[in-house]
S.K.: 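One structure is given below, represented as structure tokens, and several questions about it will come after.
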Amino acid sequence: MQKLEQLYEGKAKKVFATEDAALLIVQYKDDATAFNGKKKGTIAGKGVINNRMSNYLMRRLASAGVPTHFVEELSERETLVRRVQIVPLEVIVRNLSAGSFCRRYGFPEGVRFARPTVEFSYKNDALDDPLICLPHIFAMELATEAEMADIRRYALQINALLSEFWESCGVTLVDFKLEFGRLPDGTIILADEISPDTCRLWDSESGEKLDKDRFRLDLGGVEDAYAEIMRRLEEHEKA
Ligand code: UDP
């Protein structure tokens, strides 16, 4: 499958058309941004790691019955995916307190919740992706009640599958962000990526942060953390 014209360039990926109107090629970049683009940088090799990790995790989810946009890995940075209309929501699942949860409520970091939480942000850069409640999602007709029920159910199922997987790699899945899309027939499927850019991943023993927070918070060792997370995943794959 050949790349045709570039349709979109985001913060971490470029998207290209293909000869098949139902399929797109995603190309992962090493560019990193944080705080809605206010902080910019590059993380050498990140695109390769995020592409391979996201594809590996999407294949695992698909085999457990979660529909995803993944079709085929084309190269170390490029993947063929199903074209969807993105639901303009960031779907965030949390197992432990971190990030905006702690900032918003003045709550300590690293507290495990009795139950995972699911929340939604409205994808809108100009507004800084504000938190949004279900009634407002329905008022703006961003998604239907049936679609939100599917999204919530998939988000919790994905959390259960990924939490168990990462725990077997010695990694705690603290929280993560998902995006969903609609196929032309209206079916909701998982889209975007699952990577250290979109998940908080802490070493289960030491609590060391092995994700994009190393970049966001200037903790150093950013490339090493991405490489370490990929190494853990590959070790699991071999075992
Ligand atoms: N996240 C993301 N993209 C965003 C916002 C959040 O991938 O635009 C991920 C983030 O990596 C973390 C989870 O969603 O794993 C929860 O993020 P949070 O709401 O705590 O926001 P942050 O502290 O990252 O601003």
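Residue numbers start at 1 and run along the sequence shown. Below, all heavy atoms of this structure are taken into account, side chains as well, without hydrogens, waters or symmetry copies. Note that the coordinates shown come from a computational prediction; the quantities given were computed from them, not determined experimentally. Whatever order the structure lists ligands and atoms in, that order sets their numbers, starting from 1.
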S.K.: For the aromatic rings, using the six-membered ring if either is Trp, is the centroid distance between H236 and F165 under 6.0 Å?
M.R.: yes
S.K.: Return the set of residues passing side-chain hydrogen bond (donor to acceptor under 3.5 Å, both in side chains) with R59 (not counting sequence neighbours), or none when no residue passes.
M.R.: none
S.K.: Quick one: table the atom pairs, ligand 1 N or O against protein N or O, below 3.5 Å, distance rounded to 0.1 Å.
M.R.:
{"from": "ligand 1", "atom 1": "8 (O)", "to": "E90", "atom 2": "OE1", "distance (Å)": "3.2"}
{"from": "ligand 1", "atom 1": "8 (O)", "to": "E90", "atom 2": "OE2", "distance (Å)": "3.3"}
{"from": "ligand 1", "atom 1": "11 (O)", "to": "R216", "atom 2": "NH2", "distance (Å)": "2.8"}
{"from": "ligand 1", "atom 1": "15 (O)", "to": "D175", "atom 2": "O", "distance (Å)": "3.4"}
{"from": "ligand 1", "atom 1": "15 (O)", "to": "D175", "atom 2": "OD1", "distance (Å)": "2.6"}
{"from": "ligand 1", "atom 1": "15 (O)", "to": "T198", "atom 2": "O", "distance (Å)": "3.4"}
{"from": "ligand 1", "atom 1": "15 (O)", "to": "R200", "atom 2": "N", "distance (Å)": "3.3"}
{"from": "ligand 1", "atom 1": "19 (O)", "to": "R94", "atom 2": "NH2", "distance (Å)": "2.7"}
{"from": "ligand 1", "atom 1": "19 (O)", "to": "S100", "atom 2": "OG", "distance (Å)": "2.6"}
{"from": "ligand 1", "atom 1": "20 (O)", "to": "R94", "atom 2": "NH1", "distance (Å)": "3.2"}
{"from": "ligand 1", "atom 1": "20 (O)", "to": "S100", "atom 2": "N", "distance (Å)": "2.8"}
{"from": "ligand 1", "atom 1": "20 (O)", "to": "S100", "atom 2": "OG", "distance (Å)": "3.3"}
{"from": "ligand 1", "atom 1": "20 (O)", "to": "R200", "atom 2": "NH1", "distance (Å)": "3.0"}
{"from": "ligand 1", "atom 1": "23 (O)", "to": "S100", "atom 2": "N", "distance (Å)": "3.1"}
{"from": "ligand 1", "atom 1": "23 (O)", "to": "R103", "atom 2": "NH1", "distance (Å)": "3.4"}
{"from": "ligand 1", "atom 1": "23 (O)", "to": "R103", "atom 2": "NH2", "distance (Å)": "3.3"}
{"from": "ligand 1", "atom 1": "23 (O)", "to": "R200", "atom 2": "NH2", "distance (Å)": "2.8"}
{"from": "ligand 1", "atom 1": "24 (O)", "to": "R200", "atom 2": "NH2", "distance (Å)": "3.2"}
{"from": "ligand 1", "atom 1": "25 (O)", "to": "R103", "atom 2": "NH2", "distance (Å)": "3.0"}

S.K.: What residues, two or more places apart in sequence or in another chain, satisfy side-chain hydrogen bond (donor to acceptor under 3.5 Å, both in side chains) together with Q157?
M.R.: none
S.K.: Are F101 and F113 near enough that their ring centres are under 6.0 Å apart?
M.R.: yes
S.K.: So, for Y226 and F215, is the gap between ring centers shorter than 6.0 Å?
M.R.: no
S.K.: What residues, two or more places apart in sequence or in another chain, satisfy side-chain hydrogen bond (donor to acceptor under 3.5 Å, both in side chains) together with R152?
M.R.: none
